[in-house]
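A short worksheet on the structure shown next.
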Amino acid sequence: MEKRKLRKDRLAILIVAAIMIVLMIRSVAMPFENEKNGNENKASANKEMTLDEKAEDILSKMSPEEKIGQMMMVGIHGTKLDEYSAQMLNDYHFGGIILFNRNMETKNQVKELNQSIQKNNKSKLPLFIAVDEEGGFVARMKNDLNPPPSQQKIGEAGDPNQAKEWAKKISVELKEIGFNINFAPVADIGSTYERSYSTNAEEVFKFVQKAVEGYSEENLMCSLKHFPGIGKGETDSHLDQVIVNADAETLRYEDIYPFQKVIEGNEENYFIMITHVNYPAFDSENPASLSKIIMQDLLREELGFKGIIITDDMEMGAISRYYDFADVGVKSITAGADIVLICHEYEHEQAIFDGLMKAYREGILTDERLNESVRRIIKMKIKYLQGN
């Protein structure tokens with residue numbers, strides 16, 4: 001009896017020990033399984049998220065200050081990112097930078113500057129870094145880059161594919177030194193300084209279309225400019241107000257035509273830059289960059305453009321001589337612009353940001369209005385700067 005009882009006790013002990021060993025093994029393995037399953041679930045969720053879902057996820061985590069910063073592109077001073085500029089970029093959450101010759105000496109220097117700008121960025125999104133490299137008279141750092149000929153000279157050669165090839169060539173050079181946007185091609189008809197492909201609307205469209213294809217193939221963002229077309233302007237909006245007195249029908253069939261045709265044939269993988277020129281045939285009170293009629297009714301509703309609308313530089317005379325910087329950003333954004341461009345003075349950049357924040361706090365700019373533009377910006381950045 002005692003031997004039988006002893007065997008039963010031993011068997012019970014062995015069973016308990018075996019159960020404990022199994023439980024210990026499972027407890028050790030469980031965290032790794034959970035982590036593995038969690039990672040798999042996360043990877044699956046990220047893989048399954050659409051572009052729109054990714055954009056909404058980022059948008060939902062942004063403060064009003066961050067959203068307003070994304071709606072501004074600014075210039076900086078110097079050839080290096082100094083402490084003041086670095087702090088300013090992050091304090092105001094600016095979403096984009098534009099460089100000029102004052103910032104550019106050599107390819108290596110520009111590459112280091114652009115890398116430091118992106119590295120310093122504490123935003124949830126990478127920065128747009130832009131340059132004006134049209135070719136001809138409007139080109140930066142001509143001694144170290146290989147800018148295209150003027151658009152007029154390319155147009156005179158008669159082959160639209162040359163516009164594409166030059167767009168591809170300059171895209172490669174710009175990407176190598178850290179740019180992700182070129183503010184080109186010019187879609188204006190008969191503009192001064194050899195900036196237009198032609199004085200004929202159909203010819204301009206053919207060359208602009210090919211240029212957009214070239215940028216797209218090299219994965220560099222570009223911008224058509226200057227909507228709705230400045231070729232009929234007789235003075236320079238850099239200096240003062242410009243009025244184009246052509247009637248609406250003429251503007252539609254001529255100046256607007258190249259923009260319209262590109263919009264019809266392309267996905268929105270490009271910006272459209274709005275000029276500061278006045279067009280009384282459409283809006284008798286406001287320049288295009290402050291006009292709801294031109295940006296919202298004409299460009300968005302009539303032509304169907306769904307991409308990013310950016311203004312020309314707000315420090316140009318056509319704007320700065322007639323409007324206060326604290327107000328002009330608000331006027332432009334409420335009229336339909338997605339990004340306000342301010343190229344030179346820090347105090348003007350800060351004034352526009354403060355004006356936008358004040359308008360938000362007072363309910364003039366709503367969350368709905370901010371989200372509308374920032375959503376476009378986020379999607380473009382995900383697609384081109386983060387991968388989709």
(request) To the nearest 0.5 angstrom, please state how far the CD atom of Glu112 sits from the CD atom of Gln109. (result) 8.0 Å

(message) Tell me whether Lys331 at atom NZ has more than 12 heavy atoms from other residues, nucleotides or ligands lying less than 6.0 Å away.
(response) no

(message) Side chains of Trp166 and Pro149, heavy atoms from C-beta outward: is any pair under 4.5 Å?
(response) yes

(request) State, with a plain yes or no, whether a side-chain heavy atom of Ser123 is found less than 4.5 Å away from one of Glu66. (result) no

(message) I'd like to know whether the aromatic ring centres of Tyr270 and Phe305 sit less than 6.0 Å apart in this structure.
(response) yes

(request) For salt bridge (Lys or Arg N to Asp or Glu O under 4.0 Å), just list the numbers for Glu372 and Arg300, CA-CA rounded to whole Å, side-chain angles, deciding distance to a tenth of an Å, and then say yes or no. (result) CA-CA 13 Å; Glu372 178 188 351; Arg300 292 280 188 218; 5.3 Å; no

(message) For a quick check under 3.5 Å, do Glu203 and Tyr197 share a side-chain donor-acceptor pair by atom type?
(response) no

(message) Less than 4.5 Å apart, side chain to side chain, heavy atoms only: is that true for Leu303 and Ile256?
(response) yes

(message) Any non-hydrogen side-chain atom of Asp313 less than 4.5 Å from a side-chain atom of His344?
(response) yes

(message) Let's go through Tyr323 and Leu290 carefully: what are the C-alpha distance in whole Å and the side-chain angles of both, what is the deciding distance for side chain to side chain contact (heavy atoms under 4.5 Å, CB included) to 0.1 Å, and is it a yes or a no?
(response) CA-CA 11 Å; Tyr323 300 91; Leu290 307 181; 3.5 Å; yes

(message) If hydrophobic clusters are built by linking Ile, Leu, Val, Met, Phe, Trp and Tyr wherever their side-chain heavy atoms come under 4.5 Å apart, do Val186 and Ile272 end up in the same one?
(response) no

(message) Any heavy-atom pair between the side chains of Phe282 and Ser291 that's under 4.5 Å?
(response) no

(request) Would you give the length of the straight line joining atom CG of Leu299 to atom CD1 of Ile263, rounded to the nearest 0.5 angstrom? (result) 5.0 Å

(request) Take Gln260 and Glu264 through the test side-chain hydrogen bond (donor to acceptor under 3.5 Å, both in side chains) and record every step on the way to the result. (result) CA-CA 6 Å; Gln260 177 185 350; Glu264 288 175 359; 3.2 Å; yes

(request) Check Asp367 against Tyr360 and note the closest heavy-atom contact, atom names and distance. (result) OD1-OH, 2.8 Å

(request) State, yes or no, whether a side-chain contact exists between Met71 and Leu356 at a heavy-atom distance under 4.5 Å. (result) no

(message) Quick test of your reading: applying ring-ring contact (aromatic ring centres under 6.0 Å, His included), list the pairs with at least one residue in residues 71-90, sequence neighbours left out, ordered by first then second residue.
(response) His77-Tyr346, Tyr84-Tyr346

(message) Using 0.5 Å steps for rounding, measure from the CE atom of Met62 to the CG atom of Asn371.
(response) 9.0 Å

(message) salt bridge (Lys or Arg N to Asp or Glu O under 4.0 Å), that's the test. Do Lys358 and Asp354 meet it? Break it down for me.
(response) CA-CA 6 Å; Lys358 182 174 182 288; Asp354 291 341; over 6 Å; no

(message) Hydrophobic cluster membership, with links at side-chain heavy-atom distances under 4.5 Å among I/L/V/M/F/W/Y: are Val172 and Phe179 in one?
(response) no

(message) Quick check against the 3.5 Å criterion: does Arg140 have a side-chain atom that pairs as donor or acceptor with the backbone of Arg102?
(response) no

(message) Please tell me whether Tyr253 and Leu298 are part of a single hydrophobic cluster in this structure, the criterion being side-chain heavy atoms less than 4.5 Å apart.
(response) no

(message) Do Thr275 and Val242 make a side-chain contact, defined as non-hydrogen atoms from C-beta onward lying under 4.5 Å apart?
(response) no

(message) Contact between Glu249 and Arg252 at the side-chain level, heavy atoms closer than 4.5 Å - yes or no?
(response) no

(request) Working to the nearest 0.5 Å, report the span between CG of Leu89 and CD1 of Ile97. (result) 4.0 Å

(request) Report the C-alpha distance between Glu156 and Lys153 in whole Å, list the side-chain angles of each, state the deciding distance to 0.1 Å, and finish with yes or no for salt bridge (Lys or Arg N to Asp or Glu O under 4.0 Å). (result) CA-CA 5 Å; Glu156 287 171 349; Lys153 282 186 167 43; 5.5 Å; no

(message) Any donor-acceptor pair under 3.5 Å linking the side-chain atoms of Ser150 with those of Glu194?
(response) yes

(request) To the nearest 0.5 angstrom, please state how far the NE2 atom of His226 sits from the CE atom of Met273. (result) 6.0 Å

(request) Have a look at Lys225 and tell me which of Asp188, Asp132, Asp312 forms a salt bridge (charged side-chain N to carboxylate O under 4.0 Å, His left out) with it. (result) Asp132

(request) Verify whether one side chain among His348 and Glu315 offers a donor that lies under 3.5 Å from an acceptor in the other. (result) yes

(message) Within this structure, what is the CG-CD1 distance for the pair Asn182 and Ile129, rounded to the nearest 0.5 Å?
(response) 13.5 Å

(message) Tell me whether the rings of Phe259 and Phe227 are parallel (<30°), tilted (30 to 60°) or perpendicular (>60°).
(response) perpendicular

(request) Verify the neighbour count for atom NZ of Lys142: are there more than 12 heavy atoms of other residues, nucleotides or ligands below 6.0 Å? (result) yes

(request) For Lys168 and Glu213, run salt bridge (Lys or Arg N to Asp or Glu O under 4.0 Å): C-alpha distance rounded to whole Å, both residues' side-chain angles, the deciding distance at 0.1 Å, then the answer. (result) CA-CA 9 Å; Lys168 289 169 69 72; Glu213 287 179 14; over 6 Å; no

